[in-house]
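Before any comments, here is the structure.
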Amino acid sequence: MSKPKIVVTRRWPAEVEAILSDRFDATLNEADTPMDAIQLAEALATADAVLPTVVDRLDASVFEAAKARGIRARVLANFGVGVNHIDLSAAKAAGLVVTNTPGVLTDATADIAMTLMMMIARRAGEGEREVRAGRWTGWRPTHLIGADVAGATLGVVGMGRIGKAMARRCHFGFGMKVIFHNRSAVADPEVPGARQAPLEEVLAEADFVSLHCPGGAENRHLINAGRLALMKPTAFLINTARGDVMDEAALVAALKAGRIAGAGLDVFENEPSVHPELLTMENVALLPHLGSATRATRIAMGMKALANLEAVLEEREPPDRVV
Ligand code: 8YV
């Protein structure tokens, strides 16, 4: 019996690619270049499964183009938890199961949110740039004074797995208070004293607001000019969720006007481009979407996608079905 045909849209960890090549007739992306809409439609029309990542824009037109040729694929086993790059209703209508990889990237992503929080609170990027540029003139009492995290209030927007992991780190590790917003009631926030509140209240009270809600239409520009205006001028915004959750132009305007103190960003509205004014701001820390970028996490993500893919192709219910 011939092996099922799969298309892996980007390079995956070598350990996982080896398993995929062994078990499937796998087309790997040796050059690791992003696939365009035509290539994605071709993959859906010719393979039994497609394994995309966040950079593959699987919108309705891609499914239409594939349908015109006849869709062969039965599953989109996404490498990652966020699926806002996939038009889920178009995928479902095209007869595809969509799966993701929740759970395995929780700690790695919360760690990057922590990294950004510390970078912006203690002006680490600014200080590092100064040292590297040979501009450091020596210690002085008023040099690069930052903000304390101990005793400060963390505001979590989206108290799912990653939001809770961030809250635990901040509370148990750094002695921070936690207030959070979540669209449904959270029975166990896993942090003593953590209080669920409307978004506006969280924004107004927090010293560090950290975004952990899904991207996509429902949360597009959730953090807009009006909501940024609710934050304290001394408060910082951290985004490790999705770029479209915040209005990047409104964020730039708020930073320029000093309406908030700074921002730590791992995700952007139009990755990999970053609003040019953000690049010039010292009170902003910028990372290239590193949330899940640890070796063990990326392998675990690949193995989870593999388990989902195999389940669908073997006509079992996949562990992480999205639609
Ligand atoms: C991934 C992420 O690296 O899982 C997610 O939603 O944002 C990242 O951790 C990326 O999405 C891979 O597709």
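Side chains included, hydrogens not; waters and symmetry mates left out as well; all remaining heavy atoms used. The chain is numbered in sequence order, starting from 1.
Put simply, Ile19 and Leu313 are part of the same group of oily side chains (I, L, V, M, F, W, Y) that touch within less than 4.5 Å, one to the next. Under a hydrophobic clustering in which Ile, Leu, Val, Met, Phe, Trp and Tyr are joined whenever their side-chain heavy atoms come within less than 4.5 Å, directly or via other members, Leu58 and Val54 fall into different clusters. Note: the hydrophobic cluster containing Val312 also contains Leu306 (ILVMFWY, side chain heavy atoms under 4.5 Å, direct or indirect links). Neither Val209 nor Val186 shares a network with the other; the hydrophobic side chains, linked directly or stepwise wherever heavy atoms of I, L, V, M, F, W or Y lie under 4.5 Å apart, form separate groups for each. Clustering ILVMFWY residues whenever any of their side-chain heavy atoms sit less than 4.5 angstrom apart, transitively, puts Met114 in the very cluster that holds Val191.
Under a 3.5 Å cut-off, the side chain of Glu271 and the backbone N or O of Phe268 do form a donor-acceptor pair. A distance-only check finds a donor-acceptor pair linking the side chain of Asn78 to the backbone of Gly80 [under 3.5 Å]. A distance-only check finds no donor-acceptor pair linking the side chain of Ser21 to the backbone of Ala18 [under 3.5 Å]. Using modelled atom types, no side-chain atom of Thr109 and backbone atom of Thr106 make a donor-acceptor pair closer than 3.5 Å.
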Test log, rule salt bridge (charged side-chain N to carboxylate O under 4.0 Å, His left out), inputs Lys67 and Glu64: CA-CA 5 Å; Lys67 268 201 240 168; Glu64 285 310 314; 3.5 Å; yes
Test side-chain hydrogen bond (donor to acceptor under 3.5 Å, both in side chains) on Asn29 and Thr9; report intermediate values, then the result. CA-CA 6 Å; Asn29 185 343; Thr9 68; over 6 Å; no
What do the steps show when you test Met35 against Arg57 for side-chain contact (heavy atoms from CB on, under 4.5 Å), and what is the final call? CA-CA 9 Å; Met35 287 171 66; Arg57 303 244 59 91; over 6 Å; no
Yes or no on salt bridge (charged side-chain N to carboxylate O under 4.0 Å, His left out) for Arg123 and Glu282, after CA distance, side-chain angles and deciding distance? CA-CA 8 Å; Arg123 304 174 67 173; Glu282 289 288 9; over 6 Å; no
Is there a side-chain contact (heavy atoms from CB on, under 4.5 Å) between Glu269 and Val274 once you walk through the steps? CA-CA 8 Å; Glu269 268 201 87; Val274 175; over 6 Å; no
Could you walk me through whether Leu251 and Leu265 pass the side-chain contact (heavy atoms from CB on, under 4.5 Å) test, one step at a time? CA-CA 11 Å; Leu251 174 67; Leu265 309 173; 3.8 Å; yes
Determine, stepwise, if the pair Met117 / Arg122 fulfils side-chain contact (heavy atoms from CB on, under 4.5 Å). CA-CA 8 Å; Met117 184 177 79; Arg122 299 304 298 274; over 6 Å; no
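The residues Arg183 and Glu218 are annotated as salt-bridged, a charged nitrogen and a carboxylate oxygen being separated by less than 4.0 angstrom. Classification of Lys5 and Asp48 as a salt-bridged pair fails, no side-chain N sitting under 4.0 Å from a carboxylate O.
The side-chain heavy atoms of Leu222 and Arg227, taken from C-beta on, include a pair separated by under 4.5 Å. Using a 4.5 Å cut-off on side-chain heavy atoms (C-beta onward), Leu28 and Val7 make no contact. Proximity of Arg23 to Glu310: side-chain heavy atoms (C-beta onward) are separated by under 4.5 Å at one or more points. Between Pro189 and Val178 there is no side-chain heavy-atom pair separated by less than 4.5 Å.
Note: Asp32 CG to Arg10 CZ = 4.5 Å, rounded to the nearest 0.5 Å. Of the inter-residue distances, the one linking Leu44 atom CG with Thr46 atom OG1 reads 8.0 Å to the nearest 0.5 angstrom. Taken from CD in Glu130 to CG in Leu144, the straight-line distance is 5.0 Å, to the nearest 0.5 Å. Rounding to the nearest 0.5 Å gives a distance of 10.0 Å between CG of Leu154 and CD1 of Ile179. We find the CD1-CZ distance between Ile145 and Arg140 to be 9.5 Å, quoted to the nearest 0.5 Å. With rounding to the nearest 0.5 Å, the separation of OG1 in Thr137 from NE2 in His143 is 6.5 Å.
When every heavy atom of Pro52 is checked against every heavy atom of Ile86, the shortest pair comes out as CG-CD1, 4.5 Å. Considering all non-hydrogen atoms of both residues, Asp266 and Leu290 come closest at OD1-N, 2.6 Å. When all heavy atoms of Leu237 and Ile120 are compared, the pair lying nearest together is O-CD1, 4.2 Å. Contact record, Asn219 with Cys213: ND2-CB, 3.7 Å, taken as the closest heavy-atom pair. Here the shortest heavy-atom pairing between Pro102 and Asn100 reads CD-OD1, 3.1 Å. Scanning both residues, Ala60 and Ala90, for their nearest heavy atoms gives CA-CB, 3.9 Å.
Applying the side-chain contact (heavy atoms from CB on, under 4.5 Å) criterion to Thr294, with sequence neighbours excluded, gives Ala108, Thr297. Qualifying salt bridge (charged side-chain N to carboxylate O under 4.0 Å, His left out) partners for Arg11, counting only residues two or more places apart in sequence or in other chains: Glu17, Glu30. Looking at residues two or more places apart in sequence or on another chain, you find a salt bridge (charged side-chain N to carboxylate O under 4.0 Å, His left out) between Glu205 and Arg195. In this view, Phe236 and Phe208 satisfy the ring-ring contact (aromatic ring centres under 6.0 Å, His included) rule, not counting sequence neighbours. Annotation: ring-ring contact (aromatic ring centres under 6.0 Å, His included) contacts of Phe180 (sequence neighbours excluded): none.
Within the structure, side chain to side chain donor-acceptor pair (under 3.5 Å) pairs that include any residue of residues 33-42 comprise Glu42-Arg69 (at least two apart or interchain). Applying the ring pair (Phe, Tyr, Trp, His ring centres under 6.0 Å) test to residues at least two apart or on different chains, none of the pairs has a partner in residues 30-63. Within the structure, ring pair (Phe, Tyr, Trp, His ring centres under 6.0 Å) contacts touching residues 79-122 (residues at least two apart or in different chains) are Trp12-Phe79. Residue pairs satisfying the ring pair (Phe, Tyr, Trp, His ring centres under 6.0 Å) criterion with at least one member in residues 278-301, sequence neighbours excluded, are absent. Sorted by first and then second residue, the side chain to side chain donor-acceptor pair (under 3.5 Å) pairs with a member in residues 239-250 read Asn84-Arg242; sequence neighbours excluded. Pairs engaging residues 111-132 under the ring pair (Phe, Tyr, Trp, His ring centres under 6.0 Å) rule: none recorded [sequence neighbours left out].
The closest side-chain donor-acceptor pair between Asn308 and Asp320 falls under 3.5 angstrom.
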Pairs of donor and acceptor atoms involving the side chains of residues 156-172, under 3.5 Å and at least two apart or interchain, shall be tabulated with distances.
from: Lys164; atom 1: NZ; to: Asp188; atom 2: O; distance (Å): 3.1
from: Arg168; atom 1: NH1; to: Glu190; atom 2: OE1; distance (Å): 2.5
from: Arg169; atom 1: NE; to: Asp111; atom 2: OD1; distance (Å): 2.7
from: Arg169; atom 1: NH1; to: Ala165; atom 2: O; distance (Å): 3.2
from: Arg169; atom 1: NH2; to: Asp107; atom 2: O; distance (Å): 3.4
from: Arg169; atom 1: NH2; to: Asp107; atom 2: OD1; distance (Å): 3.1
from: Arg169; atom 1: NH2; to: Asp111; atom 2: OD1; distance (Å): 2.9
from: His171; atom 1: ND1; to: Met176; atom 2: O; distance (Å): 2.9

